[in-house]
Peer 1: 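Input: one structure, supplied below.
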Amino acid sequence: EIFIDDVSFTQSVMTTNYPTMQPADKYKYVCGEDDVEAKENHCTNPTCTNDYDGCPDSKPYCFLIPDSECPNEGPTRSRRYSTFAPTSIPDGAIYYMGFEQDTFPRWTLGGGDDDVQYQAWEPTEEEANSGLYSIVSPDLRNEEHTSANSTLTLTTSPTWGAGTLHFSVYPGVREPFDHFDYFVDGVRRNSLTRGGGFEEWSIELGPGEHEIAFVYEYNPFGLTSLPPEPSDWIGAVFIDDVYFVESSSNCLALDSNPDSFEDLTFPSLPWSTGPGDWTMANDVAYTGRMSIKSPYLEDSEGPAISNATLVTCDFFPGGILQFKTIASVLPPHDIFIVYIDGEEAAQLVNVNEWTEPTLGLSPGAHRIDFSYQYNTFGVSPLPPNPATRLGAVWIDDVSLRPFGE
């Protein structure tokens, strides 16, 4: 979709079901409607050069694809090989795009009787993390300083498992002139500004289809006038070397991040609970209607413990664990402790309003136990219950954020 009239425009230029690209000894240029169609019909589609020479209107784009054997191929078949292609696909990647075929979808707008070619994200040789090409955001500057934005959307395949999406980005932006964000399934994950070159970033994803939106915005604050442009301001974002690596384990990432338990699936991976199960609760919630709540253990004859356990995957890059909690507990009756890999990381008591603990996590797999513990000292009889104690813990909005996001 494209919106005009002093607002913005949005373009989706990556689509679902990306092909797996494997290393190959030879490559050839083939005309096609898109890269998937060109690869599927490479034996019958016309060949071309990297400047689109020879492509008909019905298959207007020229793609560099790995060559493979064609049935009943005669000696007169024309081939144009190139060694200018990705030859070192990252280990374990089931999808890789380095933009080295110098092609990318073009967008056309209807303009009355004439079709106008609109400048969208496109291949460029200005900057590259590897090879010669990357893709670059459009130049949205205008004399009126009208705010505008362009969105590049990557939709992952619904057949992919949990894993990590990697990409290299050069954010040549500077506020108040422009701004760059990326979103996962509509939730902003990070803002990148004033980069000095390419840096690799990663996004942990659960299994199935996800939308990753890269948003470049000119004049994001809607200023009527802008200061003089700095001499070192680029005014563009470059993206290169996008690839996805599935997790080698059966671990699942948080499907919603933050997880506010509104999907009513608790406990499902990566969550588990027991003994004395934590449950969904709709009596108290920070976001929406639902949270999770510790069990009622006051019928226990002695000390009792119940954990809600969250596991991070081996591909977790390291970052911050945040969650909202009410811990209406008070020793010696009960206590709330958070353990990371068996080590106590936080202890909360007499918390009767929502609070947000923040805990650091190193890269890799971790076990986080949210532990409600009743009468841990075995006191008998217990003293009268204080008026402020509700004897329960509620948790909501659990998030795992990689460092820098």
Peer 1: Report the residues that fulfil salt bridge (charged side-chain N to carboxylate O under 4.0 Å, His left out) with E200, sequence neighbours left out, ordered by chain and then residue number.
Peer 2: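 Applying salt bridge (charged side-chain N to carboxylate O under 4.0 Å, His left out) to E200 gives none.
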Peer 1: Determine whether more than 12 heavy atoms belonging to other residues, nucleotides or ligands lie under 6.0 Å from atom CD of E301.
Peer 2: no
Peer 1: Excluding sequence neighbours, so at least two apart, what forms salt bridge (charged side-chain N to carboxylate O under 4.0 Å, His left out) with E262?
Peer 2: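 Per chain and number, E262 pairs via salt bridge (charged side-chain N to carboxylate O under 4.0 Å, His left out) with no residue.
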Peer 1: Any side-chain heavy atom of H145 within less than 4.5 Å of one from Y218?
Peer 2: yes
Peer 1: Residues in side-chain hydrogen bond (donor to acceptor under 3.5 Å, both in side chains) with Y216, at least two apart?
Peer 2: D178
Peer 1: Using a 3.5 Å distance criterion without hydrogens, assess whether the side chain of S291 forms a donor-acceptor pair with backbone atoms of V284.
Peer 2: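 A pair under 3.5 Å: yes.
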Peer 1: Which residues satisfy the side-chain hydrogen bond (donor to acceptor under 3.5 Å, both in side chains) test with S260, sequence neighbours excluded?
Peer 2: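 With neighbours one apart ignored, the set is empty.
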Peer 1: Which residues satisfy the side-chain contact (heavy atoms from CB on, under 4.5 Å) test with E353, sequence neighbours excluded?
Peer 2: none
Peer 1: Could you go through Q373 and S371, starting from their C-alpha distance and side-chain angles, then the distance that decides it, and tell me whether this counts as side-chain hydrogen bond (donor to acceptor under 3.5 Å, both in side chains)?
Peer 2: CA-CA 6 Å; Q373 303 181 11; S371 183; 3.1 Å; yes
Peer 1: Just say parallel, tilted or perpendicular for the rings of F198 and Y170, cut-offs at 30° and 60°.
Peer 2: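 Because their plane-to-plane angle is over 60°, the rings of F198 and Y170 count as perpendicular.
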Peer 1: Side-chain donor-acceptor pairs under 3.5 Å in residues 266-275, sequence neighbours left out?
Peer 2:
unit_1 : atom_1 : unit_2 : atom_2 : d
S268   : OG     : T265   : O      : 3.2
S268   : OG     : T265   : OG1    : 3.4
W271   : NE1    : D259   : OD2    : 3.1
T273   : OG1    : W278   : N      : 2.9
T273   : OG1    : N307   : O      : 3.0

Peer 1: Please say which of L132, D241, I135 ends up in a side chain to side chain contact (heavy atoms under 4.5 Å, CB included) with F99.
Peer 2: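 The single option meeting the side chain to side chain contact (heavy atoms under 4.5 Å, CB included) with F99 is I135.
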Peer 1: Could you list all the ring pair (Phe, Tyr, Trp, His ring centres under 6.0 Å) pairs where at least one residue sits in residues 324-363, not counting sequence neighbours?
Peer 2: Y286-W354
Peer 1: List in chain and number order the residues that pass salt bridge (charged side-chain N to carboxylate O under 4.0 Å, His left out) with D334, two or more places apart in sequence or in another chain; answer none if no residue qualifies.
Peer 2: R389
Peer 1: Output all residues satisfying side-chain contact (heavy atoms from CB on, under 4.5 Å) with L390, sequence neighbours left out; order by chain, then residue number.
Peer 2: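 L390: side-chain contact (heavy atoms from CB on, under 4.5 Å) contacts with S328, W394.
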Peer 1: Return a table of donor-acceptor pairs under 3.5 angstrom between the side chains of residues 340-351 and protein atoms on other chains or two or more places apart.
Peer 2:
unit_1 : atom_1 : unit_2 : atom_2 : d
D341   : OD1    : R367   : N      : 2.8
D341   : OD2    : H366   : ND1    : 2.7
E344   : OE2    : Q347   : NE2    : 3.1
N350   : OD1    : N352   : ND2    : 3.3

Peer 1: So, using salt bridge (charged side-chain N to carboxylate O under 4.0 Å, His left out) as the criterion, who are the partners of E199 when residues are at least two apart?
Peer 2: none
Peer 1: May I ask you to decide if R401's main-chain N or O and S399's side chain share a donor-acceptor pair within less than 3.5 Å?
Peer 2: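 Checked: no pair found.
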Peer 1: Going by side-chain contact (heavy atoms from CB on, under 4.5 Å), name the residues that satisfy it together with P230, two or more places apart in sequence or in a different chain.
Peer 2: R174, F177, D232, W233
